[in-house]
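To start, the structure itself, in structure tokens.
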2 protein chains.
Amino acid sequence: MVDVIVEATWKILAEEGYAAASTNRIAERAGTSVGSLYQYFPNKDAIVAAVQRRHHADLGAVMAAAFSEAAGMPLEQATRRLVRASLEAHLLDPDLHRTLSERVADSVNPETRETLKTGIQGQIRHWLEAYRDDLTVTDLDTAAFVVLHMVEGVTHAAILDQEQTPDPQRIEDELTATVVRYLTG
Amino acid sequence: MVDVIVEATWKILAEEGYAAASTNRIAERAGTSVGSLYQYFPNKDAIVAAVQRRHHADLGAVMAAAFSEAAGMPLEQATRRLVRASLEAHLLDPDLHRTLSERVADSVNPETRETLKTGIQGQIRHWLEAYRDDLTVTDLDTAAFVVLHMVEGVTHAAILDQEQTPDPQRIEDELTATVVRYLTG
DNA sequence: CTCTTGTGTGACGACTTGCTCATATTAGCG
DNA sequence: CGCTAATATGAGCAAGTCGTCACACAAGAG
């Protein structure tokens, strides 16, 4: 039942937008009644937060898989793998991703977004340690921060503003080169 | 009067958040009545859109000033000037910026955000042309896209998630170096 | 002083929202 | 077949929304 509700909300957010996600519409699309919603969730924000948490878990899984594959690869190859993972993550459900990032304030889900971000930043930091001797970058924390937001910024824009954007393959190449050059002077 | 309304809305969005920006609250804070709001704006979204337009104009002005100063500088110095401008732009009013980017969907103001983005991307492209012979990057359109979102992504995160972020000076240094290395192989 | 015109007012209508709660339905067990 | 406990239901409530409109007011002209 929880799943049914979360999935219905997911679809509404992705297909109909944030404004359409009223409790009545969610119940309708879930094939239940409003009352049942409140048997499993304390309020509406909690439902949206659950969708966000699930989406973030998916994003996290894509990235985690990439990190585990990238371990052991040479720097450039590993970087490419991670950049591609970021593109894949944004392609999981671009419509939901847009609605969540454009309409759902951070405060709805205090920990989640922060958790995802610092989690990935930590993984980047950890990943960088293996190449420490080859890097010209000194402060790995700063480097992880810069790499994270550099890649996220470009991939986010590339996938979500698909109108006047270079094609993903080119983005992958450019980002990979940029990150490698940033890390190894 | 239009100014009074826009400024009141501005302050509410920045200080009290998007949810507080009801027509009644806007009128109250503007020291007018709801009726007057609708003498100058067709609906509430138009008021929010006006605030967004004004904020984007401010951002655009900061960037434009930097572009005009950067013209003629050597590449690295110019890059630093532009990176600093991006930081300055995000520091103009971080609270408003956060509310607008987290809560106000693109669709409220179809052209504006796109205009700002493509405007700056165009200026970057134009700026890059002066250094063409020194660049290893071939496609200037792609380069402008990458530089824009790389810098925006990192500066946005640096200013708005001020908790576990490196200090702005360091961000400026890292970004400047990264962009220069990206452009000149 | 009246008349007209432009502006400001705020109570109110029409509507939507999130959420509750008395009632109905189901499921499990002896 | 009861009987009980758990779950599902959806009409309806209070609160709040945006936007309107009949009216008050001010200012300038004649």
Side-chain angles (χ1 to χ4, degrees), chain A residues 1-55 96 98-112, chain B residues 1-55 96 98-100 102-110 112:
Chain A
M1 183 92 253
V2 169
D3 279 351
V4 175
I5 294 170
V6 169
E7 248 152 77
T9 310
W10 183 301
K11 282 181 193 163
I12 292 172
L13 289 174
E15 295 167 16
E16 307 173 37
Y18 185 79
S22 69
T23 52
N24 288 309
R25 181 87 189 87
I26 292 174
E28 184 190 352
R29 187 126 192 208
T32 0
S33 60
V34 215
S36 294
L37 256 56
Y38 289 90
Q39 200 139 26
Y40 299 96
F41 295 93
N43 53 47
K44 187 190 146 181
D45 271 1
I47 305 178
V48 174
V51 172
Q52 193 178 41
R53 229 159 22 237
R54 203 166 288 201
H55 180 55
L96 177 70
R98 157 175 287 117
T99 299
L100 287 177
S101 59
E102 278 188 356
R103 300 300 305 266
V104 178
D106 226 348
S107 54
V108 167
N109 226 356
E111 340 84 72
T112 312
Chain B
M1 184 90 253
V2 170
D3 279 350
V4 175
I5 295 169
V6 169
E7 249 151 76
T9 310
W10 184 300
K11 283 181 192 163
I12 292 171
L13 289 174
E15 295 167 16
E16 307 173 35
Y18 184 78
S22 69
T23 52
N24 288 309
R25 182 87 190 87
I26 292 173
E28 185 189 352
R29 187 127 191 208
T32 359
S33 59
V34 215
S36 293
L37 255 56
Y38 288 90
Q39 198 139 28
Y40 299 97
F41 295 93
N43 53 47
K44 186 189 145 182
D45 270 2
I47 305 179
V48 174
V51 171
Q52 193 178 42
R53 226 155 31 231
R54 203 166 288 201
H55 180 54
L96 177 70
R98 159 175 286 118
T99 299
L100 287 177
E102 279 188 355
R103 301 301 305 267
V104 178
D106 226 349
S107 54
V108 167
N109 226 355
T112 311

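Each chain gets a letter, A, B and so on, in the order its sequence line appears, and its residues count up from 1.
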message: Contact between Y40(B) and I47(B) at the side-chain level, heavy atoms closer than 4.5 Å - yes or no?
response: no
query: Within this structure, what is the CZ-to-P distance between R25(A) and dT17(C), rounded to whole angstrom?
result: 11 Å
task: Could you work out which one of dT17(C), dG19(D), dC19(C) sits closest to the side chain of T23(B)?
output: dG19(D)
message: Please give me every residue in residues 7-20 of chain B whose heavy atoms get under 4.0 Å of an atom in DNA chain C, ordered by residue number.
response: none
- prompt: Atom CG of N24(B) to atom P of dC12(C): distance rounded to whole Å?
  reply: 14 Å
statement: Residue set satisfying side-chain hydrogen bond (donor to acceptor under 3.5 Å, both in side chains) with E102(B), at least two apart, ordered chain then number -> none
statement: Between the CE atom in M1(A) and the OG1 atom in T32(A), the distance rounded to the nearest 0.5 Å is 3.5 Å
- prompt: Between atom OG1 of T112(B) and atom CD of Q52(B), what is the distance when rounded to the nearest 0.5 Å?
  reply: 6.0 Å
Closest heavy-atom pair and its distance - F41(A), A50(A): CE2-CB, 4.0 Å
- prompt: Is there side-chain contact between V51(A) and L96(A), with heavy atoms separated by less than 4.5 Å?
  reply: yes
Going by atom type alone, with no hydrogens or angles, which donor-acceptor pairs under 3.5 Å involve a side-chain atom of residues 10-27 of chain B and a protein atom two or more places apart or on another chain?
residue, atom, partner, partner atom, Å
W10(B), NE1, D93(B), OD2, 2.8
E15(B), OE1, R29(B), NH1, 3.3
E15(B), OE1, R29(B), NH2, 2.9
E16(B), OE1, R25(B), NE, 3.0
E16(B), OE2, R25(B), NH2, 3.0
E16(B), OE2, R29(B), NH1, 2.7
S22(B), OG, R25(B), N, 3.2
R25(B), NH1, E28(B), OE1, 3.4

- prompt: In the 5'-to-3' direction, what one-character label does each nucleotide of nucleotides 5-10 of chain D receive under the scheme B = base within less than 4.0 Å of a protein heavy atom, S = sugar-phosphate only, - = no such atom?
  reply: --SBBB
message: Nearest whole Å is fine: how far is dT17(C) P from I47(A) CD1?
response: 14 Å
message: Testing the basics here: between I5(B) and S36(B), what is the closest heavy-atom pair and its distance to 0.1 Å?
response: CD1-O, 4.4 Å
- prompt: Which value, rounded to the nearest 0.5 Å, describes the distance between R98(B) atom CZ and S107(A) atom OG?
  reply: 9.5 Å
What does the list of N/O pairs under 3.5 Å between the protein and nucleotides 25-28 of chain C look like, with a distance for each?
none

- prompt: K44(A) NZ to dT16(C) C1': how many Å, rounded?
  reply: 11 Å
statement: The side-chain hydrogen bond (donor to acceptor under 3.5 Å, both in side chains) partners of D106(B) (sequence neighbours excluded) come to R113(B)
- prompt: Rounded to whole angstrom units, what separation is found between the CG atom of D45(A) and the P atom of dG18(C)?
  reply: 9 Å
message: Enumerate the salt bridge (Lys or Arg N to Asp or Glu O under 4.0 Å) contacts for residues 34-55 of chain A, please, sequence neighbours excluded, ordered by first and then second residue.
response: D3(A)-R54(A)
- request: Could you check how far OH of Y38(B) sits from P of dG10(C), rounded to whole Å?
  value: 16 Å
